[in-house]
Amino acid sequence: MAKLEKIIGAAALWLPALACAQGALENPANNATDSGIGIISGWHCSATRVEAIVDGKSIGFAYVGSERMDTASICGKSSTGFALLINFNNLSRGAHNLKIYANGALFGESNFKTTQSGGTAFLTNKSRTVDVVDFPSPGATATLSWSESKQSFVVTNINTNPNPPVPVPTGLAKLYGRVAISYHFDYSGSIYSESFSFSSANYNQFNNELTATVDGKNKEVSCAVINQAGYEFLCSIKEPRGARDSFLFNVSASGALAGRFEYCPPSVSDYDCGSGLVLHPDGSVAGNVAARTAGLGSPSAAAASAPESKDQLKARQLQREAQTPSTQSATPEQLDAVREALERLSP
């Protein structure tokens, strides 16, 4: 009898260890982060009953007996898989503990984290598709789409085209490259030219603007998206003595630049400069944006010499404006937007 008790006692010690050795909890992996609709899964050689305990509370029993050919050499059979469907979004965000019991014996444990994939337990009536470049291999692009039934993004397409179409630039990216502009007062033959280069390195994310130095000159140019008064961009070139050349313009798909120009002497406020640019522009600006400098040429001799000073031309312009009513119009909101943008662009 005593011998039998020893055998039973020894069995009580080694049976849980044997259960652990004959199975594995695979999902969620230890230290993993999970969200959305998923499974608690793994395998066990002899379990007929697998229970999941999360944070000390039972969440149910798994289906037992799915095919796992990779366990046949260990268990002597392949019907060893188990799985339990779970909405990880139902768990609070943060750390959790999972224990798995086979026939009442602990054989697996995982410490994992959860985050609600849609910001709630079950997000409805939402859709979104995003591209992940260089996945699953360099040059490939994986397309992910939101799946309401899975409460997560799923891979819906893999594009292995090594030369995907170049996306059309939008916003400030339209100005990336070498920008060459020419501008003049409407009634004058004097043409002024400037050129400068923009790239992502010139982008100021805090002000949402591009800033660079004008080629060969001690001037700074700043540009922002304005989308007011019929124009997408507003740029300001500040001269060392305080005067500014301001431009409202659009850029076509081919890179052609066209819009209006206003010269503002140092004594003119941002408020008045904005009003003049919208309601009484001094002239026009034209040019182009190109990725390479080839073919753009250089400022013409007339543009470089510019016999009349901008201050002289501005005085004449003001006389003309006093005699000729403006044909331009803008809403108060448009005027305020341009004035405020000019103030931000003025260093």
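The basis for the numbers below is simple: all heavy atoms, side chains too, and nothing from hydrogens, waters or symmetry mates. Please read these numbers as outputs of a predicted model, since none were measured by experiment. Position 1 is the first residue of the sequence; numbering continues from there.
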Worksheet entry | Nearest-0.5 Å distance that lies between atom CH2 in W146 and atom OG1 in T129 | 12.0 Å

Worksheet item: Does a side-chain heavy-atom distance below 4.5 Å link D34 with N27?
Response: no

Fill in: K219 atom NZ, neighbour heavy-atom count above 12 within 6.0 Å
yes

Worksheet entry | F198 vs V289, side-chain contact (heavy atoms from CB on, under 4.5 Å): CA-CA, chis, key distance, verdict | CA-CA 10 Å; F198 283 141; V289 182; over 6 Å; no

Item to complete: Quick one: closest heavy-atom pair of Q205 and Y203, and the distance?
Response: CA-CE2, 3.4 Å

Worksheet item: Would H44 and N103 satisfy side-chain contact (heavy atoms from CB on, under 4.5 Å), going step by step from the backbone distance to the final call?
Response: CA-CA 10 Å; H44 195 279; N103 301 332; 5.6 Å; no

Worksheet item: What are the two closest heavy atoms between G56 and I53, and how far apart are they?
Response: C-CG2, 3.5 Å

Practice prompt. Could you grab the distance from atom CZ of R244 to atom OG of S222, nearest 0.5 Å is fine?
Written response: 11.5 Å

Worksheet item: More than 12 non-hydrogen atoms from neighbouring residues, nucleotides or ligands closer than 6.0 Å to CZ on R93, yes or no?
Response: yes

Worksheet entry | Neighbour count above 12 (heavy atom, 6.0 Å) for N218 CG | no

Worksheet entry | Atom pair CD1/CD of I226 and Q228 - distance to nearest 0.5 Å | 5.5 Å

Worksheet entry | side chain to side chain donor-acceptor pair (under 3.5 Å) between E26 and S41, intermediate numbers included | CA-CA 6 Å; E26 296 172 330; S41 65; 5.0 Å; no

Fill in: Contact check, side chains of L172 and V225, non-hydrogen atoms, under 4.5 Å
yes

Worksheet item: Is it true that F185 and F261 have ring centroids separated by less than 6.0 Å?
Response: yes

Fill in: Chi angles and distances behind the side chain to side chain donor-acceptor pair (under 3.5 Å) call for N111, N97
CA-CA 5 Å; N111 292 302; N97 173 263; 2.9 Å; yes

N/O donor-acceptor pairs under 3.5 Å from side chains in residues 116-125, not counting sequence neighbours:
from: Q116; atom 1: NE2; to: N89; atom 2: O; distance (Å): 3.0
from: S117; atom 1: OG; to: N89; atom 2: ND2; distance (Å): 3.1
from: S117; atom 1: OG; to: Q151; atom 2: O; distance (Å): 2.4

Item to complete: Give the cluster check for V130 versus V155: same hydrophobic cluster or not, with ILVMFWY residues linked at side-chain heavy-atom distances below 4.5 Å.
Response: yes

Worksheet item: Checking T71 side chain against C75 main chain: does a donor-acceptor pair fall under 3.5 Å?
Response: no

Practice prompt. Taking all heavy atoms of I158 and all of A142, pick out the closest pair and write down the distance.
Written response: CD1-CB, 3.6 Å

Worksheet item: Can you tell me if CZ on F135 sees more than 12 non-hydrogen neighbours from other groups inside 6.0 Å?
Response: no

Worksheet item: Is L342 close to R339 at the side-chain level, that is, under 4.5 Å between some pair of heavy atoms?
Response: no

Fill in: Spacing of D55 atom CG and L98 atom CG [to the nearest 0.5 Å]
9.0 Å

Worksheet item: Would you find a donor on one side and an acceptor on the other, under 3.5 Å apart, between the side chain of R49 and the backbone of G104?
Response: no

Worksheet entry | Close side-chain approach of Y263 and Q317, heavy atoms under 4.5 Å | no

Fill in: Donor-acceptor contact below 3.5 Å, side chain N202 vs main chain T211
yes

Worksheet entry | Contact check, side chains of F249 and L234, non-hydrogen atoms, under 4.5 Å | no

Worksheet item: Do D186 and D282 have side chains that get closer than 4.5 Å, going by heavy atoms?
Response: no

Worksheet item: Above 12 or not: heavy atoms from other molecules or residues under 6.0 Å from NZ of K150?
Response: no

Practice prompt. Check S193 against K217 and note the closest heavy-atom contact, atom names and distance.
Written response: O-NZ, 3.2 Å

Worksheet entry | Whether Y63 side chain and L85 backbone form a donor-acceptor pair below 3.5 Å | no

Discussion item. Under the criterion side chain to side chain donor-acceptor pair (under 3.5 Å), I'd like the reasoning laid out for T143 against D131: C-alpha separation, chi angles, the key distance, then a yes or no.
Written reply: CA-CA 5 Å; T143 299; D131 289 333; 2.9 Å; yes

Worksheet item: Roughly how far, to the nearest 0.5 Å, is CD1 of I74 from CZ of R68?
Response: 9.0 Å

Fill in: Side-chain donor/acceptor of T114 to backbone N/O of S92, under 3.5 Å
yes

Discussion item. Check E262 with K314, please: is the shortest side-chain N to carboxylate O separation under 4.0 Å?
Written reply: yes

Worksheet entry | Heavy-atom side-chain contact between L345 and E209 under 4.5 Å | yes

Practice prompt. Identify the two heavy atoms, one from G230 and one from N250, that lie closest to each other, and give their separation to 0.1 Å.
Written response: O-ND2, 3.1 Å

Worksheet item: Around Y271, counting heavy atoms of other residues, nucleotides and ligands shown, do more than 12 lie under 6.0 Å from its OH?
Response: no

Practice prompt. Determine, stepwise, if the pair V221 / E194 fulfils side-chain contact (heavy atoms from CB on, under 4.5 Å).
Written response: CA-CA 10 Å; V221 57; E194 316 281 6; over 6 Å; no

Fill in: I100 side chain near F82 side chain, heavy-atom distance below 4.5 Å
yes

Worksheet item: Transitively linked via ILVMFWY side-chain contacts under 4.5 Å: I39 with I37?
Response: yes

Fill in: Face-on cation placement of K310 at Y192 ring, 6.0 Å and 45° thresholds
yes

Worksheet item: Is there a donor-acceptor pair under 3.5 Å between the side chain of K77 and the backbone N or O of C45?
Response: yes

Fill in: Spacing of L248 atom CG and Q334 atom CD [to the nearest 0.5 Å]
10.0 Å

Worksheet, complete the sentence: All heavy atoms of P266 vs all of A243, minimum pair found to be CG-N, 3.7 Å

Worksheet item: Can you name the residues that form a side-chain hydrogen bond (donor to acceptor under 3.5 Å, both in side chains) with N87, not counting sequence neighbours?
Response: none

Discussion item. For L277 and Y231: C-alpha separation, side-chain torsions, deciding distance, then whether side-chain contact (heavy atoms from CB on, under 4.5 Å) applies.
Written reply: CA-CA 12 Å; L277 181 59; Y231 295 95; over 6 Å; no

Worksheet item: Are V268 and L335 connected, step by step, through hydrophobic side chains (Ile, Leu, Val, Met, Phe, Trp, Tyr) whose heavy atoms are closer than 4.5 Å?
Response: no

